[in-house]
Protein chains: 2
Amino acid sequence: MSSKRATLADVARLAGLSPTAASMILNGRPDTRLSQDAHDRVNAAAEALGYRPNVAARGLRTDKTLTIGFISDVVATTRFASGLIKGALEAAEAAGHVVLVLETGGDPARETEAIAAVLDRQVDGIIFATMRARELFVPDIPAGTPVVMLNASNSRYPTSVLPDEREGGAQAVRLLIEQGHREGIVLLGQNDEVERDVFRSATVSRRVAGIRSAMKDSGLEFVAEESIWLWEPEEGYKSTKAMLERGVPARAIVCMNDRIAFGAYQALSEAGLSVPGDVSIVSFDNDELAAYLRPGLTTVALPHEAMGKRAVELLLAGATEGESLIPMPVVTRASIGAPA
Amino acid sequence: MSSKRATLADVARLAGLSPTAASMILNGRPDTRLSQDAHDRVNAAAEALGYRPNVAARGLRTDKTLTIGFISDVVATTRFASGLIKGALEAAEAAGHVVLVLETGGDPARETEAIAAVLDRQVDGIIFATMRARELFVPDIPAGTPVVMLNASNSRYPTSVLPDEREGGAQAVRLLIEQGHREGIVLLGQNDEVERDVFRSATVSRRVAGIRSAMKDSGLEFVAEESIWLWEPEEGYKSTKAMLERGVPARAIVCMNDRIAFGAYQALSEAGLSVPGDVSIVSFDNDELAAYLRPGLTTVALPHEAMGKRAVELLLAGATEGESLIPMPVVTRASIGAPA
DNA sequence: GGTGCGTGCTAAATGGGTTTAGCATGACTT
DNA sequence: AAGTCATGCTAAACCCATTTAGCACGCACC
């Protein structure tokens with residue numbers, strides 16, 4: 001409503017001092033010799049005028065804009081994004097920063113343009129996020145701008161934040177074992193080709209490795225492994241149905257994600273099998289779906305929010321190199337029971 | 001990788017001209033009298049140095065930062081957000097703008113702070129978005145900064161973008177009527193209290209009004225109306241189950257949203273009723289769920305992406321006052337059939 | 001009384017651009 | 001020869017802050 005923003009010069013004038021003095025006082029410069037009286041007058045004037053520094057002008061001089069660039073392939077606008085962005089926004093807010101969100105669709109030309117756009121605005125750092133953890137192509141970024149890869153990795157920018165998939169995978173299996181399952185355990189969704197795909201392996205292969213090592217540690221083996229190329233409910237449904245028709249004695253299913261699990265529920269229900277009475281199910285992601293299913297799906301969550309948070313913390317702390325692995329919390333619902 | 005960004009002064013020096021000339025040429029000023037030769041030299045120099053203007057510095061002089069503030073209560077990080085933000089980002093990108101995304105959790109203190117934060121960065125305009133269309137509390141914003149309300153309305157800032165709920169509601173009913181339904185139509189979820197709540201009525205009451213008017217236009221009446229306070233699957237399930245147990249002869253259900261519909265599917269399936277063989281279902285939102293259900297849920301979509309897009313277009317065009325109603329497209333799947 | 005020093009403050013440069021006002025130069029009038 | 005005008009370009013102010021360099025004053029000391 002006030003027609004004009006107060007500038008530092010306005011504050012100084014009202015306080016009867018120079019802009020220099022006002023600047024120093026408002027920024028709490030340590031070794032200045034300005035009087036207590038000057039401090040009081042400047043603070044009062046700033047308060048009276050509702051003065052807020054112009055960040056752009058300040059940034060021009062200081063090279064700090066209190067602004068972070070968050071560039072993602074498609075994550076900004078997907079269910080997976082929610083947590084990533086939310087965590088980032090929160091951590092940024094806590095540090096008095098603000099976030100510029102851009103989306104590239106994974107297109108290198110748009111990626112290049114996005115980088116330029118945030119650099120044009122003198123961001124203090126850039127976060128690259130992807131929907132699927134992967135090795136990410138990243139155009140050149142001028143040295144001096146910190147970069148962290150979120151849910152992605154890149155050899156040129158070695159600071160990255162990833163879910164601790166290996167441990168998460170192991171936990172899913174342990175959940176079953178703790179309930180007494182030792183036989184009839186099925187792995188649903190794992191796919192060698194997906195696993196070999198460098199652009200997805202960052203996450204998938206670790207999850208699978210964790211699963212397998214937990215099985216092995218307990219001396220167990222899967223009764224069946226059903227491969228699925230596209231991790232959607234439809235495929236989970238078909239795959240489970242086919243498995244059941246083949247007569248696989250499934251007592252527990254480890255699904256590679258919740259959408260596959262959703263499909264499995266549908267097929268199981270059609271076959272007259274109950275969860276968890278006849279078959280226990282454990283899964284990954286903690287998709288929104290997981291809570292809607294009946295019974296609720298027990299799943300090892302992707303810790304998106306914590307990841308987003310960590311990414312900006314690392315960025316602002318001056319990115320230590322290396323991978324930050326964020327633990328995947330298990331969300332216990334009702335889909336796991338003791339074997340009949 | 002280049003160690004320093006080229007400045008306008010660098011370009012001017014390389015071209016052998018003044019910064020003034022370089023600025024005018026690069027900005028394509030119309031009535032300047034600079035020679036063709038000067039143009040060529042400046043353009044070549046800019047190209048050679050990879051010059052990109054510093055947006056912050058320019059903004060200082062011009063008051064245009066090519067940046068938009070997108071402030072939401074909680075929308076930034078929910079499934080509802082996806083489209084809203086995506087649409088906004090796309091329209092912004094098309095116009096050479098960039099978006100600062102902030103989240104307030106609906107807390108007035110954080111809202112005030114968020115506004116200050118974007119204003120500190122001299123944004124060209126502000127979009128306020130909410131998850132549920134509603135009358136929104138908005139702290140003072142200095143005159144001169146355009147504001148548009150997205151999925152929300154506010155009497156002080158009259159430019160708003162909303163889904164065309166009335167027409168959408170009517171369409172849902174017409175979908176049923178077209179298939180020949182005239183009897184046994186149930187309205188599931190409508191709730192008088194919700195409807196009276198000013199903070200939600202912007203959307204809900206219009207949707208209901210559209211539904212009712214379409215029924216009336218065809219001389220039809222609901223066989224039952226089931227009220228639901230919390231629009232979640234669990235409640236949809238309970239409510240449908242209770243209705244069935246009461247012996248309501250339901251042949252078609254209009255669900256107030258997809259999550260309620262999800263619950264209805266579960267209850268119907270338990271009761272041995274098939275969709276759409278025994279009961280047709282139509283719903284609203286086009287939640288991600290809708291595609292996962294078996295059979296796929298026919299639903300009247302919330303046009304989030306189009307809304308986000310429209311919001312920035314209005315903002316950049318210098319916001320015409322009034323409501324922009326965005327059509328709600330019907331997404332046809334397989335949940336509606338002819339009555340048996 | 002000159003020198004040195006601490007105290008309290010400010011002028012001016014700086015960052016990177018835009019914009020206003022106006023300076024040379026040459027051609028053309030009258 | 002003086003005045004007018006178009007042409008092609010630049011100096012300098014400005015936007016809003018930070019920062020460096022340094023001024024003016026008073027006091028202590030020899």
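Letters A, B, ... mirror the listed sequences (proteins, then strands); counts begin at 1.
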Sequence neighbours left out, what passes salt bridge (Lys or Arg N to Asp or Glu O under 4.0 Å) with R61(B)? Give chain and number order.
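Not a single residue meets the salt bridge (Lys or Arg N to Asp or Glu O under 4.0 Å) criterion with R61(B).
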For R310(B), enumerate each residue passing the salt bridge (Lys or Arg N to Asp or Glu O under 4.0 Å) test, keeping only those at least two apart in sequence or located in another chain.
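Listed in chain order: nothing, the list is empty.
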Which residues within residues 9-20 of chain B lie with some heavy atom under 4.0 Å of an atom in DNA chain D?
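Within residues 9-20 of chain B, the residues near DNA chain D are L17(B), S18(B), T20(B).
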With side-chain contact (heavy atoms from CB on, under 4.5 Å) as the test, pick out the partner of T130(B) among L84(B), D73(B), I71(B), N154(B).
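The option that passes is D73(B).
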Quantify the bending of the helix from dG1(C)-dC30(D) to dT30(C)-dA1(D) as the angle between its end axes, each fitted on five pairs, to 10°.
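End axes: 80° apart.
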Using a heavy-atom cut-off of 4.0 Å to chain A, what are the terminal contacting nucleotides of DNA chain C, in 5' to 3' order?
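Range of nucleotides within reach of chain A: dT7(C) to dG16(C).
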Are L102(A) and L89(B) close enough, and set up right, to give a side-chain contact (heavy atoms from CB on, under 4.5 Å), and what steps lead you there?
CA-CA 7 Å; L102(A) 308 233; L89(B) 290 184; 5.9 Å; no
If we ignore angles and hydrogens, is there a donor and acceptor under 3.5 Å between the side chains of Q36(A) and D40(A)?
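Distance-only check passes for Q36(A) and D40(A).
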Begin with the C-alpha distance, continue with both residues' side-chain angles, and end with the deciding distance and a verdict on side-chain contact (heavy atoms from CB on, under 4.5 Å) for F70(B) and L150(B).
CA-CA 10 Å; F70(B) 186 106; L150(B) 178 53; 3.9 Å; yes
Donor-acceptor contact present, side-chain [X] to main-chain [Y], <3.5 Å:
X       : Y       : value
D164(B) : M328(B) : no
T67(B)  : T65(B)  : yes
D120(A) : N54(B)  : no
D124(A) : L66(A)  : yes

At under 4.0 Å, does any side-chain N or O of S23(A) touch on OP1 or OP2 of dA17(D)?
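No.
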If you round to the nearest 0.5 Å, how far is OG of S324(B) from CD1 of I326(B)?
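I326(B) atom CD1 to S324(B) atom OG measures 5.5 Å (nearest 0.5 Å).
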With side-chain contact (heavy atoms from CB on, under 4.5 Å) as the test, would you mind laying out the steps for R5(B) and Q122(A) before giving the verdict?
CA-CA 11 Å; R5(B) 257 178 101 88; Q122(A) 316 289 115; 4.2 Å; yes
Just the rounded figure in Å: distance from [atom2] of [N] to [atom1] of [X].
X       : N       : atom1 : atom2 : answer
R29(B)  : dG8(D)  : CZ    : P     : 17 Å
M24(B)  : dA11(D) : CE    : P     : 13 Å
Q122(B) : dC15(D) : CD    : C1'   : 10 Å

Are E103(B) and R110(B) ion-paired here, with the side-chain N under 4.0 Å from a carboxylate O?
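No, no charged N to carboxylate O under 4.0 Å.
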What residues in residues 41-68 of chain A put a non-hydrogen atom under 4.0 Å from any atom of DNA chain C?
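Listed by number, they are A57(A), L60(A), R61(A).
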